[in-house]
Peer 1: 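Shown below is the structure under consideration.
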Amino acid sequence: MTATINLPKIMQIGAGAINALPATLEQLGCHYPCIITDSTMVRLGYTESITDLLNAHGLGYGLFSETMAEPSEDSILPAVALVQREKYDCLLALGGGSAIDTAKAIALLATHGGSMRDYKMPRPVNLNSMPVIAIPTTAGTGSEATQATIITDASTDEKMLCMGPGLMPIAAIVDYELTLSLPSRIAADTGIDALTHAIEAYVSRKANLFSDQQAIAAMKLIGQNLLKTCQVAKDLAAREAVMLGATLAGIAFSNASVALVHGMSRPLGVHFHVPHGLSNAMLLPTVTEYSISSAPMRYAQCAMYMGLIDNIEDEDQAHQALLNQLKRINKTLSVPSLAEFGVDKDVFFSTLPLMAEQALASGSPNNNPRQVDKNEIVKLYEIAWES
């Protein structure tokens, strides 16, 4: 079996990497970028740091700072019109996964037209769009190195998964110093999101030798440093490790796909507005316990790569160590239950059949080591409610 690998053309990684932005634009032949970001990035001064760099090199630019945490197609259409009207030649996606996902979608529609529904899976996005340079400010989503975007259809509350090489950013600037002012809640949620990417890529039915190496490295970096980054804000080595781990996890799942956790996570965001990383954290222990029996060796190896055990001679011991650590991470980082988050119990349970259908429709559960049907997903949601 062969694997097709897609990566950004250019990756600048490390402290101060943001300063390479002007040279990266020049290398790509881009001269008139539009910054795609949100109001928080403007308020915290991140946007100004970008515009200062551009001004210092005599580069004109545009700005769209109204991206949403859970981007819908309606929210991106004003940016599409702006980009087409002003004839920008590239997009600078500044922020977390939502800003980067938004930029990918803007680039696609501004270049090729149509609606996002035209490009949802199972149709792959092979069309080349205007260049997107991703500048992540969270260590979690890995969107700077993935060929995917998720955009909500507001009329149906469907989170549409779009995938293909045409959605891969042409460049990624991965500077961990951009994460130093992250609130602890966001650092925790995005870090668990990245760990989920690594684990799911490694146990995915689409895993391959290349994606395995990225997932293994990501589990080592994130598994041994996540709690440090959230508990000791000044531990720069841990911050750098988790940031790089998040990018490697993004590369891993972009080339191997995610699985059941993500399939079940997306409906929680649509119906109850649970942030994506947080909903992954809520589900990861439950779904892992359900899935272990169908990939016992792989899950045991996850425990070893995360530094929880020295070897996998006793698989049962390894599995228990993994489950204990996932629960410990959630407890230490104050991941709330669905009830503690404020989800109404009656509404939640009445919505379970629809959420299960939407989870299956996303396609991600098909990649899970243990296959699942609608009734089993409903049961897993019920278990997660109690967790």
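Values below: all heavy atoms of this structure, side chains included; hydrogens, waters and symmetry mates excluded. FYI, the numbering just counts along the sequence from 1.
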Peer 1: Can you tell me if Ser279 and Arg266 form a side-chain donor-acceptor pair at under 3.5 Å?
Peer 2: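 Absent: no donor and acceptor within the cut-off.
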
Peer 1: Is a donor from one side chain sitting under 3.5 angstrom from an acceptor on the other, for Glu200 and His262?
Peer 2: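 Short answer, yes.
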
Peer 1: Looking at every heavy atom in both Gln214 and Ala252, which two are closest together, and how far apart are they?
Peer 2: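 Shortest heavy-atom separation between Gln214 and Ala252 comes out as CB-CB, 3.8 Å.
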
Peer 1: Is it the case that the side chain of Gln213 and the backbone of Leu209 share a donor-acceptor pair, with hydrogens and angles ignored and the cut-off at 3.5 Å?
Peer 2: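 Flag set: sc Gln213 to bb Leu209 pair under 3.5 Å.
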
Peer 1: Report the distance from atom CD1 of Ile151 to atom CE of Met68, rounding to the nearest 0.5 Å.
Peer 2: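 One gets 10.0 Å once the value is rounded to the nearest 0.5 Å.
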
Peer 1: Please check this pair: side chain of Ser98 against backbone of Ala69, looking for a donor-acceptor N/O pair closer than 3.5 Å.
Peer 2: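 Here the side-chain-to-backbone pair exists.
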
Peer 1: Would a distance-only check, ignoring hydrogens and angles, find a side-chain to backbone donor-acceptor pair under 3.5 Å from Thr179 to Tyr176?
Peer 2: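 Indeed, once roles are kept as given, a pair shorter than 3.5 Å links the two residues.
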
Peer 1: Side chains of Asn280 and Ser265: do they bring a donor and an acceptor to under 3.5 Å?
Peer 2: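 Present: a donor and an acceptor within the cut-off.
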
Peer 1: Between the main-chain N or O of Val203 and the side-chain N or O of Arg298, is there a donor-acceptor pair closer than 3.5 Å?
Peer 2: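 Between the backbone of Val203 and the side chain of Arg298 there is no qualifying donor-acceptor contact (under 3.5 Å).
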
Peer 1: How long is the span from the OH atom in Tyr381 to the CG atom in Leu338, to the nearest 0.5 Å?
Peer 2: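 It comes to 9.5 Å.
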
Peer 1: Working to the nearest 0.5 angstrom, can you tell me the gap between Ser350 OG and His271 NE2?
Peer 2: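 The distance works out to 10.0 Å.
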
Peer 1: With rounding to the nearest 0.5 angstrom, report the CZ to CD distance, Arg239 to Glu177.
Peer 2: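 That separation rounds to 11.5 Å.
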
Peer 1: Do Asp175 side-chain atoms and Gly16 backbone N/O form a donor-acceptor pair below 3.5 Å?
Peer 2: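 Checking the backbone N and O of Gly16 against the side chain of Asp175, a donor-acceptor pair under 3.5 Å is found.
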
Peer 1: Looking just at side-chain N and O atoms, do Asp153 and Ser155 make a donor-acceptor pair shorter than 3.5 Å?
Peer 2: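 Note: Asp153 and Ser155 side chains meet the donor-acceptor criterion.
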
Peer 1: Indicate whether the side chain of Tyr202 and that of Gln301 have a donor and an acceptor atom separated by less than 3.5 Å.
Peer 2: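 Present: a donor and an acceptor within the cut-off.
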
Peer 1: Treating Lys104 as the side-chain partner and Thr146 as the backbone partner, does any N or O pair qualify as donor plus acceptor under 3.5 Å?
Peer 2: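 Judged by distance alone, yes, a pair lies under 3.5 Å.
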
Peer 1: So, taking the atom named OG in Ser49 and the one named CG in Leu178, what distance separates them when rounded to the nearest 0.5 Å?
Peer 2: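 So the OG of Ser49 and the CG of Leu178 are separated by 7.0 Å.
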
Peer 1: Taking the side chain as every heavy atom from C-beta outward, state whether Ile133 and Leu28 have any atom pair closer than 4.5 Å.
Peer 2: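 Result yes, sub-4.5 Å side-chain heavy-atom pair found.
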
Peer 1: Going through the distances and angles, do Ile150 and Met160 end up as a side-chain contact (heavy atoms from CB on, under 4.5 Å)?
Peer 2: CA-CA 5 Å; Ile150 298 174; Met160 299 180 291; over 6 Å; no

Peer 1: Hydrogens and angles aside, do Asn255 and Ser211 bring a side-chain donor and acceptor to less than 3.5 Å of each other?
Peer 2: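 Note: Asn255 and Ser211 side chains miss the donor-acceptor criterion.
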
Peer 1: Given side chain to side chain donor-acceptor pair (under 3.5 Å), test Ser204 with Asn367 step by step and report yes or no.
Peer 2: CA-CA 5 Å; Ser204 169; Asn367 306 320; 4.8 Å; no

Peer 1: Give the C-alpha distance, both sets of side-chain angles, the deciding distance and a yes or no for salt bridge (Lys or Arg N to Asp or Glu O under 4.0 Å) between Asp189 and Arg185.
Peer 2: CA-CA 6 Å; Asp189 295 347; Arg185 179 73 269 154; 2.8 Å; yes

Peer 1: Between Phe253 and His197, does the ring centroid distance fall short of 6.0 Å?
Peer 2: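 Ring centres of His197 and Phe253 closer than 6.0 Å.
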
Peer 1: Is the closest side-chain donor-acceptor distance between Glu66 and Ser75 under 3.5 Å?
Peer 2: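 No - no donor-acceptor pair under 3.5 Å links their side chains.
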
Peer 1: Out of Leu195, Thr286, Thr196, which residue meets the side-chain contact (heavy atoms from CB on, under 4.5 Å) rule with Leu326?
Peer 2: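 Answer to the side-chain contact (heavy atoms from CB on, under 4.5 Å) test with Leu326 among Leu195, Thr286, Thr196: Leu195.
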
Peer 1: Would you say the side-chain atoms of Tyr46 and Thr40 include a donor-acceptor pair closer than 3.5 Å?
Peer 2: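 No.
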
Peer 1: Is it the case that the side chain of Asp89 and the backbone of Tyr32 share a donor-acceptor pair, with hydrogens and angles ignored and the cut-off at 3.5 Å?
Peer 2: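 Yes.
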
Peer 1: If only side-chain N and O atoms count, and only distance matters, is there a donor-acceptor pair under 3.5 Å linking Gln320 with Asn324?
Peer 2: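 A pair is found: one side chain offers a donor N or O, the other an acceptor, under 3.5 Å apart.
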
Peer 1: Indicate yes or no for a side-chain donor-acceptor contact from Ser254 to the backbone of Ile251 under 3.5 Å, with no hydrogens or angles considered.
Peer 2: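 Such a contact is absent between Ser254 side chain and Ile251 backbone.
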
Peer 1: Within a reach of under 6.0 Å around CG of Asn311, are more than 12 heavy atoms found that belong to other residues, nucleotides or ligands?
Peer 2: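 Yes, enclosed.
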
Peer 1: Looking only at the side chains, is there a donor atom on one of Glu289 and His319 sitting less than 3.5 Å from an acceptor on the other?
Peer 2: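 No, no side-chain donor-acceptor contact under 3.5 Å.
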
Peer 1: Check whether Ser362 reaches the backbone of Ala359 with its side chain - one donor and one acceptor, N or O, closer than 3.5 Å.
Peer 2: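 Yes: the side chain of Ser362 pairs with the backbone of Ala359.
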
Peer 1: Looking at CG of Leu284 and CD1 of Ile192, how far apart are the two atoms once the value is rounded to the nearest 0.5 Å?
Peer 2: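 Going from the CG atom of Leu284 to the CD1 atom of Ile192 covers 8.0 Å.
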
Peer 1: Looking only at heavy atoms, which two atoms of Pro353 and Lys374 are closest? And how far apart?
Peer 2: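 It is O-CE, 3.5 Å.
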
Peer 1: Using modelled atom types only, decide if a donor and an acceptor are shared between the side chain of Thr152 and the backbone of Ala154 within a distance under 3.5 Å.
Peer 2: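 No.
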
